[in-house]
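The structure appears below as structure tokens.
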Amino acid sequence: MSEPQSALLLRKQLAELNKNPVEGFSAGLIDDNDIYRWEVLIIGPPDTLYEGGFFKAHLHFPKEYPLRPPRMKFMTEIWHPNIEKNGDVCISILHEPGDDKYGYEKASERWLPVHTVETILISVISMLADPNDESPANVDAAKEWRENYAEFKRKVARNVRRSQEECM
Amino acid sequence: MGDATREAEPRVDGKDAQVNQDVLIMEQQRQIEEEISDAIPLVGAKEDLLGTLEKEYISDPIYSMKAKDLSSKYNSIRRTRPDGNCFFRAFAYAYFERLLTCKDDYKGFYDIVSKSKDDLIELGFPQFTLEDFYETFMEVVERIGSGDMTQDELYELFNNQGQSNYIVVYLRLITSGKLQRDADFYLNFIDGNRTMTAFCHQEVEPMFKESDHIHIIALSAALNVGVRVRYMDRGDSAQVIAHDFPEGATPAVHLLYRPGHYDILYEQ
């Protein structure tokens with residue numbers, strides 16, 4: 001076979017997303033010669049603290065995609081209970097079955113081969129709107145979200161402002 | 001902000017030790033998986049049953065006895081890689097191999113699988129990825145039907161990671177579809193307070209998840225393919241007990257179950 005199935009499937013998805021963009025994000029490649037590394041721009045979902053922000057993130061797909069999940073990392077600074085301070089996204093559907101690094105999650109939400117870039121991003125956007133604060137990736141953000149919401153809001157507002165400046 | 005500066009940022013939440021340990025465990029797990037995959041092909045060559053099992057159980061009287069019983073009914077075995085997908089891979093290989101020579105079964109099977117995609121889309125599976133798995137699966141089925149496939153080619157195809165795993169994924173989806181469609185019936189067989197959809201997301205659709213009876217019942221019913229499983233365990237019966245799925249069906253596929261693993265059996 002000339003090209004692995006994973007590359008073909010990613011190429012097909014990219015073409016489809018360019019032809020029929022999905023509301024809430026745009027997607028492209030970091031480097032046109034590498035189909036396994038994507039850059040997405042997520043528009044802060046309306047009616048959330050992140051509204052108005054433009055958050056850049058990278059998706060790294062393994063050669064075994066779609067049998068194994070991609071990793072996702074925000075490049076724009078973002079304060080959120082389920083995103084590590086270094087930008088790594090800790091969302092359950094990006095974890096393989098049996099991968100219990102984040103043992104708190106319900107197994108029902110693990111990676112499935114039927115997931116696409118679109119379904120991943122829909123989950124991430126819904127996570128922005130609705131953080132899961134049980135055993136979070138960013139403990140400080142989760143604590144603030146629960147106990148000092150005003151400060152949490154202030155930090156996110158600063159993220160949004162900065163993200164707009166970076167995009168200009 | 002550049003990539004490097006973010007990566008270098010020190011962690012301040014004191015979780016380092018914990019995370020590192022988990023990472024180590026995961027790495028070790030990955031390493032074990034790799035050792036297995038280096039040592040055992042996805043689907044192995046046909047081996048003489050008695051010779052193979054007698055060697056394996058030379059110092060184990062119970063298993064030796066059962067190997068003998070088994071060899072009165074079967075003469076060959078074909079091993080599959082123990083990667084959690086063994087039931088699905090063994091099933092697919094054994095049945096496709098049968099279809100190479102047993103043309104009478106082909107039409108009925110083709111009709112069932114060719115309309116399976118629409119059934120799954122109707123159940124809410126994302127069309128985009130579903131189609132990808134479906135097309136790879138059907139390409140293989142159609143090649144078998146048109147006579148454009150030899151035994152050797154089938155063997156090669158099943159040892160090609162990409163195609164082999166796509167076939168497994170699609171069988172998992174068919175199984176999930178059947179379980180969800182007939183959830184009222186199958187819910188009786190699962191424990192806990194899970195919905196059938198949750199069960200399928202946890203135990204059926206993810207790759208590398210081991211199969212249980214419920215998977216076998218659902219897949220054999222969905223495809224109308226009889227499966228006979230021979231159970232080789234520590235029980236004190238001299239016989240290797242058989243279970244047929246669905247109950248009463250004529251078996252088209254024979255599998256050997258040893259705790260945690262399925263291989264393919266060939267009748268005399």
Side-chain angles (χ1 to χ4, degrees), chain A residues 1 3-10 12-13 16-17 30 56 58 63-69 73-77 84-88 93 95-103 106-119 122 135-143 162-163 166, chain B residues 1-3 5-15 18-26 29-30 33 84-85 120 124-133 135-136 160-166 168-170 172-173 176 194-195 197-210:
Chain A
M1 241 184 309
E3 197 173 38
Q5 245 144 338
S6 51
L8 290 172
L9 180 59
L10 287 169
K12 240 166 68 183
Q13 287 190 59
E16 174 66 26
L17 283 170
I30 298 173
K56 210 197 278 173
H58 286 176
K63 292 280 186 292
E64 298 97 334
Y65 174 80
L67 305 178
R68 296 192 189 278
K73 187 188 189 85
F74 274 93
M75 306 314 289
T76 310
E77 203 171 338
E84 298 221 22
K85 287 172 185 164
N86 70 5
D88 287 341
I93 66 155
H95 298 147
E96 294 182 39
D99 162 358
D100 279 323
K101 185 176 169 191
Y102 308 94
K106 282 175 289 189
S108 63
E109 294 156 356
R110 291 302 166 80
W111 174 255
L112 302 174
V114 288
H115 279 309
T116 59
V117 172
E118 184 180 337
T119 60
I122 287 171
S135 189
N138 182 340
V139 179
D140 298 333
K143 199 160 169 237
R162 281 244 210 130
S163 79
E166 277 175 36
Chain B
M1 191 182 300
D3 219 343
T5 52
R6 294 190 57 107
E7 307 259 32
E9 217 167 276
R11 298 177 54 105
V12 287
D13 52 14
K15 276 188 2 180
Q18 183 56 38
V19 169
N20 284 344
Q21 269 247 324
D22 288 340
V23 168
L24 281 179
I25 291 169
M26 278 159 57
Q29 214 164 2
R30 201 47 73 79
E33 280 170 22
N85 293 316
L120 291 171
F125 286 90
Q127 181 160 358
F128 198 86
T129 23
L130 184 70
E131 257 168 19
D132 206 51
F133 301 121
E135 278 163 19
T136 303
N160 172 313
Q161 190 115 351
Q163 286 170 302
S164 198
N165 284 339
Y166 261 46
V168 170
V169 171
Y170 197 65
R172 286 181 177 276
L173 293 175
S176 172
R194 290 189 267 189
T195 63
T197 310
F199 176 82
C200 288
H201 284 177
Q202 288 166 11
E203 308 291 344
V204 184
E205 290 171 40
M207 282 296 276
F208 316 109
K209 271 282 182 184
E210 286 180 18

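Here is how names work: the chains are called A, B, and so on, in the same order as the sequence lines, proteins then strands, and each is numbered from 1.
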Chain A heavy atoms under 4.5 Å from B:T197: which part of the residue, side chain, backbone, both or neither?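 Neither part.
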Could you grab the distance from atom [atom1] of [X] to atom [atom2] of [Y], nearest 0.5 Å is fine?
X: B:L130; Y: A:T116; atom1: CG; atom2: OG1; value: 12.0 Å
X: B:H201; Y: A:R110; atom1: NE2; atom2: CZ; value: 14.0 Å
X: B:F125; Y: A:L112; atom1: CZ; atom2: CG; value: 9.0 Å

Measure distances from A:K12 to the heavy atoms of chain B and classify the residue's part below 4.5 Å as side chain, backbone, both or neither.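 Answer is both: backbone and side chain atoms of A:K12 are under 4.5 Å from chain B.
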Need one label for A:E118: side chain, backbone, both or neither, based on atoms under 4.5 Å from any heavy atom in chain B.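 The answer is neither part of A:E118.
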Return the option, out of A:K63, A:R68, A:H115, with the maximum number of heavy-atom pairs under 4.5 Å with chain B.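 Looking at each of A:K63, A:R68, A:H115 in turn, A:R68 comes out on top.
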Shortest non-hydrogen contact from [X] to [Y]?
X: B:P206; Y: A:P113; result: CA-CD, 4.3 Å
X: B:M207; Y: A:L67; result: CG-CD2, 3.7 Å
X: B:T129; Y: A:V114; result: OG1-O, 2.5 Å

Report the residues that fulfil ring-ring contact (aromatic ring centres under 6.0 Å, His included) with B:Y166, sequence neighbours left out, ordered by chain and then residue number.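 For B:Y166 the ring-ring contact (aromatic ring centres under 6.0 Å, His included) partners, ignoring immediate neighbours, are B:F133.
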My understanding is that only residues two or more places apart in sequence, or in another chain, count here; which of them pass side-chain hydrogen bond (donor to acceptor under 3.5 Å, both in side chains) with A:S163?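 Result, side-chain hydrogen bond (donor to acceptor under 3.5 Å, both in side chains) vs A:S163: none returned.
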